[in-house]
Protein chains: 2
Amino acid sequence: MSRTTIVPPGIKKRDAIATRASILSAARDRFLRESYASVGLRDIAGDAGVDVALISRYFGGKEGLFRDVLLHGKEGGLFRQPLSATEIPAYLAQLVVDDADENRQHRMEMFIVMLRSASSPQAGEIIRDLVHHDILGPLAEILGDENAELRANMLLAVLMGIGVLRTIMKIDALDGSPRQRAECEYRFRCLFEAALTC
Amino acid sequence: MSRTTIVPPGIKKRDAIATRASILSAARDRFLRESYASVGLRDIAGDAGVDVALISRYFGGKEGLFRDVLLHGKEGGLFRQPLSATEIPAYLAQLVVDDADENRQHRMEMFIVMLRSASSPQAGEIIRDLVHHDILGPLAEILGDENAELRANMLLAVLMGIGVLRTIMKIDALDGSPRQRAECEYRFRCLFEAALTC
DNA sequence: CCATTAAGTCAACAGGTGTTGATTTAGTTC
DNA sequence: GAACTAAATCAACACCTGTTGACTTAATGG
């Protein structure tokens, strides 16, 4: 659970940037679990312990809020840090499996938010832009040969597939022992490698 | 475009099963393009050239309609026909790429409908049940060894990933020449094989 | 201490949601 | 052709949606 999703601890002080952050955090948590269309602004406001009107006031509306959740969450990007093509499979497998590392988990969560809401017309456009510029772009650049684009697509397909399987379809092969978890990470890495080399 | 999505051709006769089918068809087309939560019953009724009230009357409500769209579409299932484990990769690759074969296309469409709406709480439950019983179950049975379940999961992950990439994220590597299309099919088959063997 | 400004609250809006009951219409059967 | 039945229509329902304007309250500057 995040910092500010519960109603503020003591006396609520008047702090614009704090409530803004509180709304952003509550929205992130909601969009992480449901689709854009099925989340209401009143739900988010309730979680954040804030009046609904503030959302439209601070973010210009639901669409603006969603965009800010995504933009605020993309710090670091999925592929920003220096990463060679050969390291990618292992990196992605770890990203998918490891839910201890907070930083990794955060990156994966933003990915899930995108996956969840991509079918809502309004959110879809925002998401597709982001996927192109901030995921496929950097990824293709790392790969960097003639088939870079196509291979980036394959890689992303596998990543999305695993993400959907685990988080949306709730079919989680990772719910088992650490041993099973390790085997999964191996298989995932293997699959990512196949996406690159085949 | 489907048969009955446009307003009926001539004089509309009073035919319960025909209008029922018309609603079902219009709903399928809508759910194929948007998520459960963002599709309104009045949209569907409009497409079908039918009064909104008939939907709740015939299907018991939005949820019932959605369930019927899925159940009606699962004729044949994704894996019903006799299929050996070794044939699966080629079969799935063909399923994904070939949009000429109407039967194949139909199966894939049902898959997309599920992918699109899985994040809406009400539709999600229906979908997850169906995925378990009608996709993962038969698939694991075909694979049939000790790691069947895990390998079925991997296979499904790849299938969903490609589906999301193409239809929801609208990143379609298949928009090119027949040559490029053939290469894609090869790569997909390769990826499905990796999901099974690794 | 008062005035000013920003932050938060409240109520209402206009429009949309799924759903239901009463009513009318068309087709069938005697 | 009249009676009956099933199909389709209409209007309204209670509720929820995002958004806006006017208002109240708290903090800050002079």
Side-chain angles (χ1 to χ4, degrees), chain A residues 4 6-27 30-31 34-69 117 119-126, chain B residues 4 6-27 30-31 34-69 117 119-126:
Chain A
T4 39
I6 313 297
V7 181
I11 313 100
K12 71 167 71 179
K13 300 190 65 179
R14 295 204 159 195
D15 188 345
I17 52 175
T19 58
R20 222 193 101 102
S22 159
I23 292 172
L24 218 48
S25 169
R30 281 278 176 177
F31 288 134
E34 289 179 35
S35 75
Y36 179 85
S38 65
V39 171
L41 290 190
R42 281 171 179 81
D43 300 329
I44 298 174
D47 290 351
V50 150
D51 194 284
V52 208
L54 288 184
I55 298 185
S56 288
R57 184 127 331 153
Y58 281 172
F59 298 91
K62 189 181 187 181
E63 213 167 318
L65 172 62
F66 186 79
R67 185 180 282 108
D68 268 31
V69 167
S117 294
S119 286
S120 297
Q122 312 155 51
E125 263 187 69
I126 303 173
Chain B
T4 40
I6 313 297
V7 180
I11 313 98
K12 73 168 67 178
K13 299 190 66 177
R14 295 206 159 195
D15 187 345
I17 51 174
T19 59
R20 222 193 101 101
S22 159
I23 293 171
L24 218 48
S25 169
R30 281 278 177 178
F31 288 135
E34 289 180 36
S35 76
Y36 179 84
S38 65
V39 171
L41 290 190
R42 281 170 179 84
D43 300 330
I44 298 175
D47 289 352
V50 151
D51 194 283
V52 207
L54 288 183
I55 298 185
S56 289
R57 185 129 327 156
Y58 282 171
F59 299 92
K62 189 182 187 180
E63 211 167 321
L65 172 63
F66 186 78
R67 185 180 283 106
D68 268 31
V69 167
S117 294
S119 286
S120 297
Q122 312 154 50
E125 263 188 69
I126 303 172

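Just the heavy atoms: all of them, side chains too, but no hydrogens, waters or symmetry mates, feed the values below. Here is how names work: the chains are called A, B, and so on, in the same order as the sequence lines, proteins then strands, and each is numbered from 1.
- Taking atom OH on B/Y58 and atom P on C/dT19, their separation rounds to 16 Å, with Å as the unit.
- Straight-line distance from the CG atom of B/L65 to the P atom of C/dT17: 15 Å, rounded to whole Å.
- Residue A/F59 is out of contact with every strand shown, counting any heavy-atom pair closer than 4.0 Å.
- Across the protein-nucleic acid pair, B/I55 atom CD1 and C/dT17 atom P stand 12 Å apart, rounded to whole Å.
- Put simply, B/T19 has no side-chain N or O that comes within less than 4.0 Å of OP1 or OP2 on D/dA7.
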* Structure fact -> Once base and sugar-phosphate atoms are separated, protein heavy atoms under 4.0 Å mark nucleotides 19-26 of chain D, 5' to 3', with B, S and - as BBBB--BS
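- Between the OH atom of B/Y36 and the P atom of C/dT17 there is a distance of 13 Å, given to the nearest Å.
- Summarising the geometry of A/V69 relative to A/A27, their closest heavy-atom pair is CG2-CB, 3.8 Å, with the distance given to 0.1 Å.
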* To do: For side-chain contact (heavy atoms from CB on, under 4.5 Å), just list the numbers for B/L24 and B/L65, CA-CA rounded to whole Å, side-chain angles, deciding distance to a tenth of an Å, and then say yes or no.
  => CA-CA 7 Å; B/L24 218 48; B/L65 172 63; 3.9 Å; yes
* To do: Decide yes or no on side-chain contact (heavy atoms from CB on, under 4.5 Å) for B/F59 and B/R67, but give the supporting numbers first.
  => CA-CA 9 Å; B/F59 299 92; B/R67 185 180 283 106; over 6 Å; no
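- Once rounded to the nearest 0.5 Å, the distance linking CZ of A/R20 with CD1 of A/I55 reads 11.5 Å.
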* To do: Give the C-alpha distance, both sets of side-chain angles, the deciding distance and a yes or no for side-chain contact (heavy atoms from CB on, under 4.5 Å) between B/Y58 and B/D68.
  => CA-CA 11 Å; B/Y58 282 171; B/D68 268 31; over 6 Å; no
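- Rounding to whole angstrom units, CG of residue A/D15 and C1' of D/dT28 are separated by 14 Å.
- In this entry the distance linking CD1 of A/I23 with P of C/dT9 reads 10 Å, nearest Å.
- Take the nearest nucleotide of DNA chain C for A/I17 and for B/A37: the residue whose nucleotide is more 5' is A/I17.
- Judged purely by atom type and a 3.5 angstrom limit, A/S35 has no side-chain atom pairing as donor or acceptor with the backbone of B/S120.
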